[in-house]
K.L.:
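Below: one structure in structure tokens.
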Amino acid sequence: MRAMSCPASTDPARSPLLQALNPEQLAAVTLPAAHALILAGAGSGKTRVLTTRIAWLLSTGQVTAGGIMAVTFTNKAAKEMLTRLQAMLPLNVRGMWIGTFHGLCHRLLRAHWKLAALPQTFQILDTQDQLSAIKRLVKQQGLDEEQFKPKELQWFIAHCKEEGLRPHQIPIHDEDHRRKVEMYQLYEAQCQREGVVDFGELMLRSFELLRDQPALREHYQQRFRHILIDEFQDTNRLQYAWLKQLAGHEEQGRFVPGSNAVLAVGDDDQSIYAFRGARVGNMADFVREFGVRHQIKLEQNYRSHGHILDAANHLIDHNRSRLGKQLRTDQGAGEPLRVYEAPTDFAEAQWIVDEIRHLVKNDGLPRQEVAILYRSNAQSRVLESALFNAGVPYRVYGGLRFFERAEIKHALAYLRLLDNPHDDTSFLRVANFPPRGIGARTLEQLQDRARSRGCSLHDAVEHLGGAAATKLRAFVAKIDVMREATAGATLRQIIDIMLQHSGLLAHYRDDRDGADRVENLEELVNAAESFVMQEGFGRDAVALPLDETASTLAVAGQSPVSQGLDPTAALLDLPLSDAVAAETGETVSPLVAFLTHAALESGDNQAQAGQDAVQLMTVHAAKGLEFDAVFIAGLEEGLFPHENSLSNMDGLEEERRLMYVAITRARKRLYLTHAQTRMLHGQTRYHLRSRFFDELPEHCLKWLTPPSAGWGAGERGSPWGAAPSRVGMQPAWGRSGLAETGFTVPASARQTASPAQAAAPHGIRAGMQVFHPKFGEGKVLTVEGQGDDARAQVSFMRHGSKWLALSVAKLTPI
DNA sequence: TCAATCACGTTTTTT
DNA sequence: ACGTGATTGA
């Protein structure tokens, strides 16, 4: 370790930390302390660069641990960074500000709860809680749930916050819009009254805190000399604005970057979250507004074989809006991409499973090194059943997470009421659970009373008369008893007491199908135990992180006071006493901390159901992961690219980036599969092969089935459909079995060798050019349903894509 | 208050 | 097709 703490002036290559880096990576790691942008391609060692950069900054004494902030999007990424850092440096990373956007915002708000106008024990509303809070509000306002769909309202509020807008800042368009904004305002008031904040509020409130408190802002600007941001292409407007508060200030309406250094790492080609507010444009804005002079591209890929990379490069080249980047590898070309067309989704799944068994049996591939990726969750069902029937162990990502399970949410609601009896969301969740004779009617009365008095449900109870009130009082008393019984207890004891007193445990024990839920509740106790262990509550670990940091570096032979900026001193100088309190973690009780943890980290996606299992997930979920062998299933027009994204260019380009992400997950072997027909929403649908096939270089592909007509076919006016086949019928070539056999088909022949596009009686088939009296010329994308129910999705030249009932619409093939 | 029935929606998702 | 969430009847 001593060797690493060489001063910045010595040859950096001598440090063992830096030796294994390629020139671009080295340049990125050893950048001067200035704003910089790293364009990091898939598999280019991005995380490694980030962590090594931090380690390098620390070990060369350019900054102390307290002077670094590193931001990620997911807890997983944050954890990974911490783990890798710890492996590189003898450092207590606890005092470092490494975490997710929301985690760090939360930390700020806990530290400065008074300035942020929050109650000290404020709790976090997850998406579920938020929705139920909104439903409650809509009902309370006596509004029609049909007209004001809570889901829509939730979306509206979340998006306003992502844009950094408070209700009064929103320009009103029309009456409907005005009412939405009004609801937003009422929702805010409700949250404030109940002492809860949603995810968006964590971001927005801490942004405003920094914006409106100059002393605080300057303190943190002085403190965080180096700010590093991962997955920058996924940041939304508010996150970027938040960053600017930490790294500069406004002057006459213009942003002036500060003296600290922001390192943004991202990949515009992997921007797949525009639908939730991500702005790739933040990358360009960052370069402009921060006057970035250092830009580095990491294009050396350490993951995939040549053909896979070629395919990815070629595909993404079809996107127009790109910063421009080309991955390269030192590994050989490797195997070609295998393409398989199945008659049905069922057959596709069957074939994939067979192929996986061969991979495992013949090639000795560990099952967890095989992934099946798909565009939408609905596709997992048929794959799961095929795997299940074949007895192949598998694991599906993306189900309910631990802290989202109903029984856990109930338990957490009780725990929250212990700290904050005015949390109405929690109150309503468990007032009658387990059932104790408090009906919906009673709760409605209580809500009315609370509203008219402007108080919480808890406080409204004593002002309620009648028989029902007795039961409510008993409930409130129960909570009060629990609160007394748990005073001064450890987290474990609190949970044990709560589980007993609330009757939750007994309720699920009595339930015939409650075994799993009982198990989960017991797991909750374990989760709390390990949380306490990790956080080291009530012990030295949290006490003085900055001092520990200082001594660590002193041992490494460096003065923590470099550039005259001692963060410890800066902190103590602060007139903000609660900042110190927060830094030492003194003010947060273990229970509050645990509840926060539950909200911010909703837990693992699924218990490790067998390590040796094939991995199933959406392409989105696969981002950042890699596997030896990858299957991308359901590569069909309308599915992938998804039909909802076809109406505009941006949508299609995002789908293409998604495909790019999918391809670059594979190390050695990649399969691309599609089906002619598929069950979707209970109906049979006929799909064309995805246009993405036509965007891959021919020399990378190995067609295991004769290539049929694809997206490009109709466009080029080639003849159609030789022999129509029926749904479920085996194609002429049968199951060509092993991937070892293959067809080599020249690109020119691809469109004409068109087998078996299933035909419906009306004669309209996917891929046809058609004419509509009103919309004019168009191309059929999808046909679904039979008889009078048959519908087609047609992409018209002038009117975009539309769904038309074939029994009504006058479509003529041309 | 609870179970049975029915309408509804159904791209992607983290915090 | 299928699971969820709200409504209705016992």
Side-chain angles (χ1 to χ4, degrees), chain A residues 71-78 99-106 124-132 135 139 145-146 149-152 155 158 161-162 197-204 206 230-231 234-236 238-239 271-278 345 373-382 385 397-401 403-404 406 432-443 468 471 596-603 605 617-624 634 638-647 651 654-655 657-659 661-662 678-685 784:
Chain A
V71 200
T72 64
F73 272 87
T74 64
N75 292 302
K76 202 176 151 200
T100 63
F101 273 106
H102 293 84
L104 297 181
C105 285
H106 168 255
I124 298 168
L125 228 47
D126 69 15
T127 318
Q128 283 177 38
D129 298 335
Q130 187 189 27
L131 186 62
S132 61
K135 276 185 185 163
K139 270 206 195 110
E145 280 203 33
E146 291 301 302
K149 297 206 173 83
K151 272 257 173 64
E152 248 171 56
W155 185 89
K161 291 190 180 183
E162 273 164 12
V197 297
D198 61 39
F199 288 129
E201 189 71 23
L202 282 173
M203 268 321 307
L204 184 50
S206 68
D230 195 16
E231 307 279 20
D234 289 338
T235 51
N236 61 35
L238 177 57
Q239 283 157 343
S271 154
I272 54 173
Y273 286 111
F275 71 91
R276 64 172 198 213
D345 51 349
L373 310 183
Y374 36 81
R375 175 64 235 268
S376 60
N377 285 307
Q379 289 168 253
S380 77
R381 178 171 291 274
V382 64
S385 77
Y397 283 73
L400 259 197
R401 307 219 300 260
F403 287 112
E404 291 167 357
N432 195 37
F433 196 93
R436 47 177 74 90
I438 300 175
R441 196 64 239 288
T442 309
L443 287 173
K471 289 171 180 168
T596 302
H597 165 81
L600 284 176
E601 304 193 34
S602 4
N605 244 332
M617 66 194 86
T618 64
V619 180
H620 282 93
K623 192 176 165 204
L639 249 190
F640 197 0
H642 196 276
E643 57 196 18
N644 295 359
S645 66
L646 293 176
S647 51
E654 178 142 321
E655 294 290 302
R657 290 192 292 270
L658 202 49
M659 182 65 184
V661 168
R678 160 180 314 273
M679 284 297 270
L680 207 60
H681 312 322
Q683 281 187 309
T684 307
R685 298 201 6 173
E784 70 166 35

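All chains are named by letter (A, B, ...) in the order of the sequence lines, taking the proteins before the strands, and each is independently numbered beginning at 1.
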K.L.:
List the protein contact pattern of nucleotides 2-10 of chain C with one symbol per nucleotide (5' to 3'): B for base contact, S for sugar-phosphate-only contact, - for none; contact means a heavy-atom distance under 4.0 Å.
P.N.:
S---S----

K.L.:
Nearest to the side chain of A:His681 - C:dA1, B:dT13, B:dT12?
P.N.:
C:dA1

K.L.:
Between A:Gln130 and A:Asp198, is any side-chain donor less than 3.5 angstrom from a side-chain acceptor?
P.N.:
yes

K.L.:
List for me each residue that meets side chain to side chain donor-acceptor pair (under 3.5 Å) alongside A:Ser271, sequence neighbours excluded, and say none if there are none.
P.N.:
none

K.L.:
Can you tell me if the side-chain N/O atoms of A:Asn644 get under 4.0 Å from OP1 or OP2 in B:dT10?
P.N.:
no

K.L.:
Can you name the residues that form a salt bridge (Lys or Arg N to Asp or Glu O under 4.0 Å) with A:Asp126, not counting sequence neighbours?
P.N.:
A:Lys409

K.L.:
Within the 4.0 Å heavy-atom criterion, would you say A:Asn75 contacts the bases, only the backbone, or no part of the nucleic acid?
P.N.:
sugar-phosphate

K.L.:
How close or far is atom C1' of B:dT13 from atom NZ of A:Lys151, stated in whole angstroms?
P.N.:
14 Å

K.L.:
Using the side chain to side chain donor-acceptor pair (under 3.5 Å) criterion, which residues pair with A:Arg375? Sequence neighbours excluded.
P.N.:
A:Glu655

K.L.:
Going by salt bridge (Lys or Arg N to Asp or Glu O under 4.0 Å), name the residues that satisfy it together with A:Asp345, two or more places apart in sequence or in a different chain.
P.N.:
none

K.L.:
Sequence neighbours excluded, which residues qualify as salt bridge (Lys or Arg N to Asp or Glu O under 4.0 Å) partners of A:Lys135?
P.N.:
none

K.L.:
Could you pull out all residues at least two apart from A:Arg276 that satisfy side chain to side chain donor-acceptor pair (under 3.5 Å)?
P.N.:
none

K.L.:
Quick one: A:Glu152 CD to B:dC8 P, roughly how many Å, whole number?
P.N.:
15 Å

K.L.:
Tell me whether the ring of A:His642 lies stacked over the B:dT11 base, given a 5.5 Å limit on centroids and a 30° limit on the plane angle.
P.N.:
yes

K.L.:
Could you tell me the separation between the CG atom of A:Leu131 and the C1' atom of B:dT14, rounded to a whole number of Å?
P.N.:
17 Å

K.L.:
Between C1' on B:dT11 and CD on A:Glu643, what's the gap in Å once rounded to a whole number?
P.N.:
9 Å

K.L.:
Between A:Ser602 and A:Ile272, which is nearer to the 5' end of DNA chain B once each is assigned its nearest nucleotide?
P.N.:
A:Ile272

K.L.:
What's the CZ-C1' distance between A:Phe640 and B:dT12, to the nearest Å?
P.N.:
10 Å

K.L.:
Out of C:dA1, B:dT15, B:dT11, which nucleotide sits closest to the side chain of A:Met679?
P.N.:
C:dA1

K.L.:
For the residue pair A:Phe199 and A:His102, categorise the inter-ring angle as parallel (less than 30°), tilted (30 to 60°) or perpendicular (more than 60°).
P.N.:
perpendicular

K.L.:
Write down the distance separating the P atoms in C:dG5 and B:dT12, rounded off to the nearest Å.
P.N.:
16 Å

K.L.:
How close or far is atom P of B:dA7 from atom NZ of A:Lys149, stated in whole angstroms?
P.N.:
17 Å

K.L.:
Between A:Phe275 and B:dT12, do the rings stack, that is, sit under 5.5 Å apart with planes less than 30° off each other?
P.N.:
yes

K.L.:
Pick out the pairs of N or O atoms, protein on one side and nucleotides 1-6 of chain B on the other, that lie under 3.5 Å.
P.N.:
| from | atom 1 | to | atom 2 | distance (Å) |
| --- | --- | --- | --- | --- |
| B:dT1 | OP1 | A:Gly437 | O | 2.9 |
| B:dT1 | OP1 | A:Ile438 | N | 3.1 |
| B:dT1 | OP1 | A:Gly439 | N | 2.8 |
| B:dT1 | OP2 | A:Gly439 | N | 3.0 |

K.L.:
Taking A:Gln379 for its side chain and A:Ser376 for its backbone only, find out whether a donor-acceptor pair lies under 3.5 Å.
P.N.:
yes

K.L.:
From CZ of A:Arg276 over to P of B:dT15, roughly how many Å is that when rounded to an integer?
P.N.:
9 Å

K.L.:
Test of understanding: with side chain to side chain donor-acceptor pair (under 3.5 Å), list the residues that count as partners of A:Thr442, not counting sequence neighbours.
P.N.:
none

K.L.:
Within the structure shown, what part of the strands sits under 4.0 Å from A:Asn377 by heavy-atom distance: base, sugar-phosphate, or nothing?
P.N.:
sugar-phosphate

K.L.:
Counting just side-chain N and O atoms, does A:Arg401 come under 4.0 Å of either OP1 or OP2 of B:dT13?
P.N.:
no

K.L.:
How would you label the contact of A:Thr127 with the nucleic acid (heavy atoms, under 4.0 Å): base, sugar-phosphate, or nothing?
P.N.:
base

K.L.:
Is there a side-chain polar atom (N or O) of A:Thr618 under 4.0 Å from OP1 or OP2 of B:dT13?
P.N.:
yes

K.L.:
Once you round it to whole Å, what is the distance between C1' of B:dT14 and CZ of A:Phe73?
P.N.:
9 Å

